[in-house]
Protein chains: 2
Amino acid sequence: MTKIKNMEEFAALSGISRPTVSKYFHDPDSVRPTTRARIEEALERFDYRPNIYAVNQNRKLTKNIGIVVPFLADPFFAEIARYLEQSCIAAGYRPFLFSAHGEQKLENEILDGLQSLKPAGVLLAPLGRISDKSAIEKFCASVPTVLFDSNLDGLGAAFIGSDNFSFVSQTVQYMTRTGEPPSFFEMRTPANPNANKRRKAYVEVMERLGFEPHVIKIEGAGWAFEEIGRQGALKVLDERKLRTDSVLCSNDRLAIGFLAACFEQGIRVGRKADCTLRVASNDDHPFAKFTCPSLTTAAHDYDNVAARSVETLFELIENGGKFEKRTETLFPARLVLRESA
Amino acid sequence: MTKIKNMEEFAALSGISRPTVSKYFHDPDSVRPTTRARIEEALERFDYRPNIYAVNQNRKLTKNIGIVVPFLADPFFAEIARYLEQSCIAAGYRPFLFSAHGEQKLENEILDGLQSLKPAGVLLAPLGRISDKSAIEKFCASVPTVLFDSNLDGLGAAFIGSDNFSFVSQTVQYMTRTGEPPSFFEMRTPANPNANKRRKAYVEVMERLGFEPHVIKIEGAGWAFEEIGRQGALKVLDERKLRTDSVLCSNDRLAIGFLAACFEQGIRVGRKADCTLRVASNDDHPFAKFTCPSLTTAAHDYDNVAARSVETLFELIENGGKFEKRTETLFPARLVLRESA
DNA sequence: ATAAAAACTTTACGCGCGTTAAATTTTTAC
DNA sequence: GTAAAAATTTAACGCGCGTAAAGTTTTTAT
């Protein structure tokens with residue numbers, strides 16, 4: 001089998017002129033069926049593919065799409081990334097996945113490197129509070145970007161995420177309806193803006209229902225939420241700071257730590273008769289089904305968030321990288337009843 | 001601020017000739033300190049960066065490195081990917097992360113796409129049993145590749161992973177020493193070759209210790225190990241197939257499911273007096289600390305596996321992409337005692 | 001069958017940068 | 001201070017492909 005060096009050579013071997021072959025690779029449907037057949041036949045025999053560097057050198061718009069998440073070791077983001085990747089591939093794009101691993105510096109470096117990739121667009125779930133807003137703003141100015149999961153005011157051409165109010169309102173109402181109104185368990189300085197929205201929603205819903213809100217703030221920084229939740233829970237349990245027999249955690253990863261702490265302390269969690277505590281949470285983390293007891297939680301509408309994110313990005317790209325108006329799309333949560341509350 | 005279009009323009013603005021600027025970007029130390037200073041000064045003022053597509057078009061070897069894992073939603077791989085990425089960046093390379101998401105088709109497509117990226121090298125953790133061996137072989141022939149985590153006989157220039165015998169031997173010996181010898185709990189058709197090595201190691205160690213091995217094989221396909229483990233455990237517990245009060249799971253994700261099933265059935269797991277079952281496992285999954293009870297397991301030497309993998313890849317690259325002899329490096333496990341056994 | 005439309009071929013230039021050779025300048029060494 | 005060495009400049013070509021213009025062939029429509 002001859003080793004093909006470039007399109008010139010391949011064109012010769014396939015008996016088609018190079019410009020037509022070039023056209024074919026840009027869009028196979030743009031050439032006559034017979035020509036297409038001849039090219040594809042040659043393609044089978046010779047295994048040639050255009051040099052992507054030469055291809056992208058001229059085009060100002062590549063077929064690359066950047067996907068940036070704040071913390072890939074969180075299976076939530078891994079799952080959503082998977083969906084986003086697949087959608088991009090299905091649409092004929094090339095996704096490149098990056099994780100900021102919880103660090104601002106890395107997030108900036110990723111955006112920096114992404115620019116030279118000249119992507120057609122970027123799907124960005126920012127770190128949140130610790131994001132370098134001005135760096136992101138600069139980036140968004142030069143690359144069509146859709147934010148998802150975590151909103152930063154005014155940044156990006158659009159935002160797609162989950163409706164935090166819907167999450168908390170459902171969990172609070174459920175717990176109240178079936179028992180005591182819950183306390184709210186969260187980190188004092190949460191990394192993610194969703195956390196703040198959830199606290200506010202909790203307070204609002206509680207007041208609306210005529211109950212006094214009770215927010216428990218625990219210490220801890222970084223992205224090791226499970227351990228932070230566990231330590232916080234141990235402290236809270238030890239100091240008997242729980243005013244109610246039901247707790248709503250800001251997110252599932254904290255709840256996983258909370259449940260571990262309860263188990264260690266021999267506290268039975270759940271809605272059965274012999275249980276002394278009920279714990280619910282938000283997110284429907286992939287592992288929430290396997291906690292002990294399994295975690296009652298409000299589930300993200302993964303599919304819709306992911307699908308709408310890519311849809312929006314494609315619209316943005318087709319629209320030349322600009323929308324007239326920045327839109328924010330929020331999907332409601334779905335309550336998932338399990339054993340913990 | 002003027003918008004710089006190309007190196008020509010930037011060179012003019014910095015007062016240095018283009019070939020010298022080009023040289024600088026290839027290696028900043030290859031130019032005189034005074035020239036370097038002038039370039040870097042201009043760099044501050046004008047924010048120019050070479051067009052990577054034009055740069056890579058000529059070079060047969062880019063600074064790209066591909067990292068391919070079988071299943072990124074498994075935090076184990078997310079963690080190791082993080083380490084690999086950082087090492088690559090530190091060494092001046094550009095890592096690109098891909099996940100096969102458990103699918104052979106995707107793995108092949110990734111390798112396909114990777115080839116056109118012309119990476120300097122690739123770190124590949126293959127799917128294992130369901131990998132397309134011939135596709136990987138073809139890929140390795142044209143791209144310097146180091147396999148890690150999951151070995152495929154003879155493929156890639158080297159393999160770095162964990163010593164499965166060390167894992168199982170430590171867990172079996174520990175359980176035997178402190179109680180009954182364990183049964184071995186695994187999937188009937190495991191996706192990963194490590195699983196087979198672990199079973200063999202289990203049998204060997206048990207026989208060496210003078211005990212009769214007892215392997216429990218459960219049904220289930222795919223990468224949803226937790227659910228497979230849970231279902232399998234429920235079945236095993238229901239049918240009372242457990243011959244001993246101690247169980248060694250092939251891997252932590254199965255164990256997570258196993259523990260969830262035990263909890264559901266009200267079976268107390270651990271080494272305390274009131275416990276009827278002990279469960280240990282292998283991997284030290286990031287969540288193993290938060291299971292209920294926390295999971296006794298044999299930990300991968302993450303750091304060494306990751307560090308040696310990149311080291312080996314860099315050696316391979318410097319060596320022109322070929323080693324005289326394929327090497328296999330295995331790191332032993334470290335027993336992590338927690339509450340479950 | 002014939003004209004118009006569509007697709008293709010030929011030719012040629014440009015993209016941004018790597019790289020080389022020869023000429024020139026700067027630095028180093030004694 | 002001078003010669004040799006090292007670095008830089010100038011000029012020019014090539015990489016693989018996109019793309020445009022002009023001419024030719026094939027297809028479509030009547």
Side-chain angles (χ1 to χ4, degrees), chain A residues 2-43 46-64 92 94 113 115-118 120 142, chain B residues 2-43 46-64 92 94 113 115-118 120 142:
Chain A
T2 354
K3 193 74 191 168
I4 280 112
K5 229 183 44 197
N6 54 31
M7 195 181 280
E8 193 82 53
E9 240 180 78
F10 174 75
L13 285 167
S14 68
I16 306 285
S17 73
R18 189 175 69 77
T20 304
V21 171
S22 171
K23 226 174 141 217
Y24 165 84
F25 279 111
H26 187 63
D27 173 10
D29 283 324
S30 68
V31 302
R32 220 177 312 179
T34 55
T35 332
R36 177 172 179 172
R38 286 172 68 188
I39 294 177
E40 285 173 349
E41 190 184 310
L43 225 37
F46 296 113
D47 165 57
Y48 157 82
R49 74 192 68 187
N51 179 318
I52 59 165
Y53 297 105
V55 170
N56 286 329
Q57 172 168 3
N58 302 320
R59 250 208 273 280
K60 38 189 158 314
L61 243 138
T62 68
K63 279 287 187 179
N64 301 333
R94 256 185 101 120
Q115 276 196 312
S116 39
L117 264 188
K118 291 201 247 169
S142 73
Chain B
T2 354
K3 192 74 192 168
I4 280 117
K5 228 183 45 195
N6 54 30
M7 195 181 278
E8 192 81 54
E9 241 179 77
F10 174 76
L13 285 166
S14 68
I16 306 285
S17 73
R18 190 175 69 78
T20 304
V21 171
S22 171
K23 223 171 145 223
Y24 164 84
F25 279 110
H26 188 62
D27 173 12
D29 283 323
S30 67
V31 303
R32 218 160 13 208
T34 54
T35 352
R36 176 172 178 169
R38 286 172 68 191
I39 294 177
E40 286 174 348
E41 190 184 312
L43 224 40
F46 296 114
D47 163 57
Y48 157 81
R49 74 192 66 187
N51 179 318
I52 60 165
Y53 297 106
V55 170
N56 286 329
Q57 170 166 6
N58 301 321
R59 252 208 273 279
K60 40 189 156 310
L61 241 138
T62 69
K63 280 286 185 180
N64 301 333
R94 252 185 105 119
Q115 278 195 311
S116 40
L117 264 187
K118 292 200 244 170
S142 73

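Chain naming here is simple, since letters A, B, ... match the order of the sequence lines and numbering starts at 1 in each. Because the structure is predicted, anything quoted here is derived from the model rather than measured. These values consider heavy atoms only, across backbone and side chains, with no hydrogens, waters or symmetry-generated copies.
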Nearest whole Å is fine: how far is dC17(C) P from K5(B) NZ?
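Interatomic distance, NZ of K5(B) to P of dC17(C): 10 Å.
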Quick one: list whatever passes ring pair (Phe, Tyr, Trp, His ring centres under 6.0 Å) with Y53(A), sequence neighbours left out.
none
Sequence neighbours excluded, which residues qualify as ring pair (Phe, Tyr, Trp, His ring centres under 6.0 Å) partners of Y24(A)?
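Per chain and number, Y24(A) pairs via ring pair (Phe, Tyr, Trp, His ring centres under 6.0 Å) with no residue.
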Nucleotide range of DNA chain D lying under 4.0 Å from chain A heavy atoms
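Counting from the 5' end, contacts occupy dG16(D) to dT27(D).
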Starting from the first five and the last five pairs of the helix from dA1(C)-dT30(D) to dC30(C)-dG1(D), work out the angle between the resulting helix axes, to 10 degrees.
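Its terminal axes enclose an angle near 10°.
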I'd like to check the side chain to side chain contact (heavy atoms under 4.5 Å, CB included) partners of [X]; sequence neighbours left out, ordered by chain and number.
{"X": "S22(B)", "result": "M7(B)"}
{"X": "R38(A)", "result": "I16(A)"}
{"X": "S142(B)", "result": "Q115(B)"}
{"X": "R32(A)", "result": "T34(A), T35(A)"}

Would you indicate what Y48(B) reaches in the nucleic acid, counting non-hydrogen atoms under 4.0 angstrom: base, sugar-phosphate, or nothing?
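Y48(B): backbone/sugar contact only, no base atoms under 4.0 Å.
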For Y24(B), which contact category applies under a 4.0 Å heavy-atom criterion: base, sugar-phosphate, or nothing?
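Y24(B): no heavy atom of the nucleic acid under 4.0 Å.
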Under the side chain to side chain donor-acceptor pair (under 3.5 Å) test, which residues partner S17(B), sequence neighbours left out?
T20(B)
Should the pair Y48(B) and F25(B) be assigned to parallel (<30°), tilted (30 to 60°) or perpendicular (>60°) ring geometry?
perpendicular
Using salt bridge (charged side-chain N to carboxylate O under 4.0 Å, His left out) as the criterion, list what pairs up with E40(A), not counting sequence neighbours.
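E40(A): salt bridge (charged side-chain N to carboxylate O under 4.0 Å, His left out) contacts with R36(A).
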Which residue pairs satisfy the salt bridge (Lys or Arg N to Asp or Glu O under 4.0 Å) criterion with at least one member in residues 17-28 of chain B, sequence neighbours excluded?
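Listed by first then second residue: E8(B)-R18(B).
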Under 3.5 Å between N/O atoms: give me all the protein pairs with nucleotides 4-9 of chain C, atom names plus distance.
{"residue": "dA7(C)", "atom": "O3'", "partner": "R32(A)", "partner atom": "NE", "Å": "3.0"}
{"residue": "dA7(C)", "atom": "O3'", "partner": "R32(A)", "partner atom": "NH2", "Å": "3.1"}
{"residue": "dC8(C)", "atom": "OP1", "partner": "R32(A)", "partner atom": "N", "Å": "2.9"}
{"residue": "dC8(C)", "atom": "OP1", "partner": "T35(A)", "partner atom": "OG1", "Å": "2.2"}
{"residue": "dT9(C)", "atom": "OP1", "partner": "S17(A)", "partner atom": "N", "Å": "3.3"}
{"residue": "dT9(C)", "atom": "OP2", "partner": "S17(A)", "partner atom": "N", "Å": "3.1"}
{"residue": "dT9(C)", "atom": "OP2", "partner": "S17(A)", "partner atom": "OG", "Å": "2.5"}
{"residue": "dT9(C)", "atom": "OP2", "partner": "T20(A)", "partner atom": "OG1", "Å": "2.7"}

